[in-house]
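To start, the structure under review is shown below, and the notes come after it.
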Amino acid sequence: MTVATRIAPSPTGDPHVGTAYIGLFNYAFAKSRGGRFIFRLEDTDRQRYDAKAEARILEMFEWLAIRPDEGPEIGGGHGPYRQSERTEIYRQHVESLLDAGKAYRAFETAEELEAMRTEQKRLGRPLGYDGRGRDVPRSEQEERARAGEPHVVRLQTPDEGSTTFHDELRGDVSIDNAEIRDPVLLKSDGYPTYHLANVVDDHLMGVTHVIRAEEWVTSTPIHVLLYLAFGWEAPRFVHMPLLRNPDKSKVSKRKLDTSVASYRDQGILPEALLNFLATMGWSMPDGREFFTLDEMIAAFDIGRVSLGGPVFDLKKLRYYNAKYLRDQLSLEEVARRVAPLLEERGHTWDDHDYLLDVVDVLRPRAETLVDIADAAGYFFTEDVRYDASARKQLAAGQKYLEDLEREFSILEFFDYDGVDDLLHDYVQAQSVGMGKVLQPLRAALTGTTSAPGVTDLVTILGKRRVLARIGKALAAINQGLPDDNPQREAEQEKQAAKLRQKGDAKAQAAGSKRGSLG
RNA sequence: GGCCCCUUCGACUAGUGGUUCAGGUCACCACCCUUUCAAGGUGGCGGCACGGGUUCGAAUCCCGUAGGGGUCACCA
């Protein structure tokens, strides 16, 4: 039988890193075995349903280059792929269970169940449905159902013994049947619960390996019992470790940014996110730490999943991203991705080589695409604003700037070597430290004292810009650096910090609801 | 709390009884390089949760304890 896996997210909010994580492993497993990877929408919860979420989840996988072989948009031989469009299928299957006496209709109201739980709590008894609906005669069940009385359908589970399933990573896991209390299969609104829909769909879609998060371990026996009730062979089960917040609890948007879109917006590369996610609970047989999705597939072995819950470490994610920016992706590729961000900021450039030069010197200093775009401002505007440290350098470097303006203006070969020689010769002639001369120049060119090498800057900017900027700096110095107003600067810093905080709070508020994967 | 799962440096992990007084990466620290900031190079800090077994030999197997996590819905 050909291998089939699936990712089955609920459309309840922002596409979640956990969805990407589980999707990645399902995809890698399926592809490594020449199998199918199915995308199925588990949209059976009308309360939490978010109409936008489906498209966004699909977009996320597209961004990550994890492309389903079957799904709601592309189709496939096992559709429909939205559970809300399969209600008739579930109804029929529930019917067969009812007919076989393996399920029953239960008429307790929410209030009644609540009262039951309260009583159980009071008596210190274990919580859970006590099976009281089992005793209602079948004929009465059918009659009340026909009369339109709201009810659910429950699976009748054994009270004695235990149910065991084999987890590919953990071995046999047994749970006492007493722990399983006649789970609801069909809700009173006619929609299936996860347990029913999941089992029916996995079976009908030919899913061979259920790879999902560890939180599902304890409900797997319910699924096993369901397969048994239907007379179907159960698939193989693999429960991946749960991604963790820094405090080790299950990843949640309260404690961590769990929105994939948010990482994308921060300038994280899909390749880097995927690579990082792949190292969560998994490692390459040869120990490689950087690898592409295809390389992962080629070497994939589900048995190499380790079971400790890995902490989602932002710093390491950013490290991976930085590494991709400067090493794993070509300069051309990075430039292609930075370009739109520069355009957003209103920057323009005449020739492509200029962009490449800029990205080339900026990328070793950046962790994200946004870092590059944010740092690139002075390459694209003549309106250089001097920060406090730059002004200090300018004030101290007037003489050097005047000299260099003259020297540069008569420099014939304005290339790297020419500029480099000029600078070195000049500094030597002045018999001062390099920094004494170069920091004021850097300040004049960029408005900051923290930037790429001066020779690079001068060469990339070119003679015209360099002379213009030195001239502008000199003018500013002569006017007593009017911007140099520490009080106002502090005020502005405060304002900016406030704005940033506001922005952060807003971004957090827009964060995702957790969507679980089954 | 019941049940289930898990447990190697602060974090991600390698390690499947002996070649390991535990290797790599991030983070951190120091030094080097250096015109700033990075990047890069070198080095350092730091761990087999604990207690019993089994074995000639245990991070690796077993039991117990502790700790962490998950789960106990007409959510998935």
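All values below were derived from every heavy atom in this structure, side-chain atoms included, with hydrogens, water molecules and symmetry-related copies excluded. Everything quoted here is computed from the prediction, not taken from an experiment. Protein chains get the first letters and strands the later ones, always in sequence-line order, with residue 1 at the start of each.
- If you check the side chains of A:H209 and A:R236, you find no donor sitting under 3.5 Å from an acceptor.
- Side-chain N/O atoms of A:S188 and base N/O atoms of B:C74 include a donor-acceptor pair closer than 3.5 Å.
- Taking 3.5 Å as the limit, the base of B:G24 and the side chain of A:E289 contain a donor-acceptor pair of atoms between them.
- Rounded to the nearest Å, the gap between the P atom of B:U55 and that of B:G70 is 40 Å.
- The aromatic rings of A:Y263 and A:F312 lie tilted to each other, with the angle between the two planes from 30° to 60°.
- For the pair A:Y194 and B:A76, the criterion of a side-chain N or O lying under 4.0 Å from OP1 or OP2 is not met.
- The residue A:P221 sits apart from the nucleic acid: no heavy atom pair falls under 4.0 Å.
- Considering only side-chain N and O atoms, A:R318 lies nowhere under 4.0 angstrom from the phosphate OP1 or OP2 of B:A27.
- The CD1-C1' distance, from A:I175 to B:G70, rounds to 11 Å in whole Å.
- Atom CG in A:L445 sits about 13 Å away from atom C1' in B:U35, given to the nearest Å.
- Pair assignment for B:A66 gives B:U7, based on Watson-Crick or G-U wobble hydrogen-bonding distances that are each under 3.5 Å.
- Between A:W216 and A:F237, the ring centre distance reaches or exceeds 6.0 Å.
- Counting to the nearest Å, the P atom of B:C74 and the CG atom of A:D45 are 12 Å from each other.
- Annotation: cation-pi pair A:K323/A:F290 present, NZ/CZ under 6.0 Å from the ring centroid and within 45° of its normal.
- Judged by distance alone, with hydrogens and angles left aside, A:K436 brings no side-chain donor or acceptor close enough to the base of B:U35 to form a pair under 3.5 Å.
- We find that CZ of A:R48 is positioned 6 Å from C1' of B:A76, with the value rounded to whole Å.
- Ring orientation note: the planes of A:H223 and A:H195 are tilted relative to one another, at an angle of 30° to 60°.
- Among the atoms of the strands shown, only primed sugar atoms or phosphate atoms (P, OP1, OP2) are found under 4.0 Å from some heavy atom of A:S174.
- Here the separation of B:U8 from B:A59, taken at their C1' atoms, is 7 Å to the nearest Å.
- Checked by distance alone, A:R170 brings no side-chain donor or acceptor within 3.5 Å of a matching partner on the base of B:C5.
- Nucleotides B:G40 and B:G52 place their P atoms 46 Å apart, quoted to the nearest Å.
- Distance, A:L169 CG to B:U7 P: 11 Å, rounded to whole Å.
- Look at the P atom in both B:U7 and B:A11: the space between them is 14 Å, to the nearest Å.
- One atom, NZ of A:K248, and another, C1' of B:A49, lie 12 Å apart when rounded to the nearest Å.
- Counting non-hydrogen atoms under 4.0 angstrom, A:R363 reaches nothing in the nucleic acid.
- Taking atom CD of A:Q83 as the reference point, atom P of B:C75 lies 13 Å away to the nearest angstrom.
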